[in-house]
Amino acid sequence: LGSLTRRILDGNSTLQKPSLGALLFALIPFIAICFCVPLWDRIYPTVFGLPFNFFWLILWLFLTPLCMWGAYRVEASRAAPPHDAESGAK
Amino acid sequence: MSGAAIALTGIFTIIAIGSFVGFFAGARYKMDLEQWTVGGRGFGLILVWLLMAGEIYTTFTFLGGSGWAYSKGAPVLYILAYQPLMYVIFFLYAPRLWELGNKHRMQTQPDFFRVRYGSKYLEAFVALAGVAFIIPYLQIQLTGLGIIVEVASYGAIGRVPAMLVSFTVVAAFVFTSGVRGVAWVSVIKDLLLLFTAVFIGFAIPHHYFGGIGKMLTALAQAKPQHMTMPGSTHDLGHSWFVTTVIMVACSFYMWPHYFCAAFTAKSGDVLRRNAVIMPLYSTTVPLMFFVGFTAVLVLPNLANENLSLLTLVRQTFPPWFLGIIGGAGALTAMVPAAIQVLTAAMLFIKNFCRPILAPSLSDHNVAKFAKITVLLLTGVTLYFAIYRPASLVSLLLIGYAGVSQFFPGVIFGLFSKRVNTAGVFVGLVAGVAIASALMLTNHDPYKGCNAGFLALCCNFAIVASTTLLRPATVSTASEALPESSPA
């Protein structure tokens, strides 16, 4: 299995593990949605006529893409320099 | 024409249009194995987005979501919570999965386990488990189609004949379309669903209460306990919510058909950009909840929660409109059902039968037998739908608990060099066994936690501990391990 592992995981991989920055961006929606439920699971105050728990989760449908856009920028800026070096080598 | 005739005409017109689009979109390409299953790996941002959206918004969102809002109340919020989070998880590992899939020409989920762990028994087990857990999901779609036809005919066509019709429709659709055809039918389906969801989501509360806000205020005054967890249940509280959301967010892309969707993309970057924008698509989901909440006040005492949306539509709008909603709902069942049955058939033939029973099967024959298996699987599902009916939600949770057990093997396989095959195999078997045992003995939720989540934790612990105790050594293994020969 060792050689198999090496062949599969190492061979000219252009993508690495997610960077710390991307992981931190990814953590934000988890904290907001999943790890503070008692704080937002309430009816009042209502926002735009929505009970607060509904308002909060709908809000995060819009804020999650923002966070992930941040994570995407982090990954994209990290991926760019090695890519140039590789194409230069060819 | 009677109301039922008008509504049914509407539904079948929409189904016919969808099937023709699928047929012509698929017919332009020569259907070899690669094209039929992963669409030739040439899908760009838009087509991948449509394909993924097409699979996510199933009958469950349409009928099950409104049904849960009706019968359970606030616990239905778990759907709004896991949808953005599953894209977050997908974002982190999808490019790496795509890269490996592209390099080793993977077409299915068991292919990944075979290539990464080099065991045909693991491959076969993953394939069989995948098929087994897709069947309840497929049953949701067939049951949903049956419900739609039944309600739209005002009860004139019973559930069983309605499901027989849906069986024929889905099988014919799969045969004519393939994955590329299905992606384009999703365009029609998404437009229709978007239109109908937005329209009825606003119109129904407005019709009865003068607006969504007023409807929710009325409900909050009439039944305040319905609006926060555990809602109108006694065991779906906060701990259930957190464990279910984590389990589902991890397992969503472990559905075998999602694995295939990741391989259809042109590049890993396409998948990543998709994951960034996908949560926006979920904004129509709460509208389905609002319809269910309106039904709580307008139609209390419905016998079947899954009927709440359609019954309310039938009561509020003229028959032709019920026809459009029903048609949108029917496509919403057909598109995912087609993809699911296509995937399950491939898994069964390519990853179970070929490595274990018939190593000499050619790609051409795999494609041929896969088509026969499509009929077989749809038939099995039809049998379960007729003789072992269950609620849409319980079916879905069984499937999720099962497929979530692939998660540790995939994540460790992608990011750890030391994970060993035996640990993954044992973890997977233990996870499936624990999840099945708890589910089948009605112990879900178990002590306030989602049963699938508990099984996933055990699975993770086994894989992680065997990785630490018996790490696979990178340097000593022999080169004799074959990569692609059927050994």
Side-chain angles (χ1 to χ4, degrees), chain A residues 1-19 22-23 25-30 32-38 40-44 46-73 75-76 79, chain B residues 74 77 80-81 83-85 87-89 91-93 95-96 99-100 103-104 115-118 211-214 216-217 220 224 227-229 238 241-242 245-246 249 268 272-273 275-280 282-283 286 289 414-415 417-421 472-479 481 483:
Chain A
L1 186 70
S3 68
L4 192 65
T5 303
R6 199 177 39 196
R7 192 149 20 109
I8 290 165
L9 290 184
D10 288 351
N12 61 19
S13 173
T14 51
L15 294 155
Q16 306 140 331
K17 293 181 184 180
S19 62
L23 283 174
F25 269 115
L27 196 60
I28 299 172
F30 267 92
I33 293 171
C34 216
F35 299 131
C36 61
V37 184
W40 55 255
D41 185 27
R42 58 185 72 229
I43 299 177
Y44 302 104
T46 58
V47 185
F48 307 121
L50 296 169
F52 190 77
N53 47 7
F54 279 79
F55 164 74
W56 182 252
L57 289 181
I58 292 171
L59 178 70
W60 277 93
L61 292 182
F62 294 94
L63 295 184
T64 304
L66 275 186
C67 294
M68 296 324 287
W69 183 75
Y72 182 77
R73 298 305 309 162
E75 292 287 321
Chain B
L77 285 170
L80 269 190
Q83 291 200 340
L85 295 181
Y87 301 121
V88 172
I89 295 179
F91 176 95
L92 296 174
Y93 74 84
R96 184 140 177 118
E99 190 192 11
L100 291 187
K103 201 163 86 187
H104 299 274
V115 172
R116 176 63 184 83
Y117 295 107
I212 291 173
K214 287 178 183 156
L216 289 169
T217 309
M227 306 299 284
T228 57
M229 282 171 261
H238 289 167
F241 178 88
V242 174
V245 167
I246 292 175
R272 206 176 249 164
R273 279 187 286 157
V276 172
I277 55 175
M278 281 299 280
L280 294 175
S282 300
T283 44
F289 302 164
L414 286 175
F415 295 113
K417 287 177 186 165
R418 288 194 288 274
V419 63
N420 69 64
T421 308
T473 45
V474 177
S475 53
T476 56
S478 75
E479 289 289 328
L481 277 166
E483 189 173 313

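All chains are named by letter (A, B, ...) in the order of the sequence lines, taking the proteins before the strands, and each is independently numbered beginning at 1.
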Euclidean distance, A:Thr64 OG1 relative to A:Leu59 CG, rounded to 0.5 Å: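 Answer for the CG-OG1 pair, A:Leu59 versus A:Thr64, is 9.0 Å.
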
A:Leu23 side, atom CG; B:Phe91 side, atom CZ - distance, nearest 0.5 Å: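 So the CG of A:Leu23 and the CZ of B:Phe91 are separated by 10.0 Å.
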
Contact winner vs chain B - A:Phe35, A:Trp40, A:Trp56, heavy-atom pairs under 4.5 Å: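 The residue among A:Phe35, A:Trp40, A:Trp56 with the greatest pair count is A:Trp40.
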
With a 4.5 angstrom heavy-atom cut-off, is it the side chain or the backbone of [X] that approaches chain A, or both, or neither?
| X | result |
| --- | --- |
| B:Pro84 | both |
| B:Tyr93 | neither |
| B:Leu85 | both |

Contact origin within A:Tyr44 toward chain B - heavy atom pairs under 4.5 Å: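 For A:Tyr44, the contact with chain B is made by the side chain alone.
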
Contact origin within A:Ala71 toward chain B - heavy atom pairs under 4.5 Å: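 Looking at A:Ala71, backbone and side chain both touch chain B.
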
Option in B:Ala74, B:Ala249, B:Ala81 with maximal non-hydrogen atom pairs under 4.5 Å from chain A: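 The candidate making the most pairs under 4.5 Å is B:Ala81.
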
Non-hydrogen side-chain atoms of A:Phe30 and A:Cys67 separated by less than 4.5 Å: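 When only atoms from C-beta onward are counted, A:Cys67 and A:Phe30 do not touch, as no gap falls below 4.5 Å.
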
Do any side-chain atoms of residues 46-55 of chain A form donor-acceptor pairs under 3.5 angstrom with protein atoms, and if so which ones, sequence neighbours left out?
residue, atom, partner, partner atom, Å
A:Asn53, ND2, A:Asp41, OD1, 3.0
A:Asn53, ND2, B:Met227, O, 2.9

Contacts of type side chain to side chain donor-acceptor pair (under 3.5 Å), residue A:Tyr72, not counting sequence neighbours: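 Side chain to side chain donor-acceptor pair (under 3.5 Å) check on A:Tyr72 returns B:Asp269.
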
Which atom of A:Cys34 lies closest to which atom of B:Val242, heavy atoms considered: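 In this case the closest contact between A:Cys34 and B:Val242 is O-CG2, 3.4 Å.
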
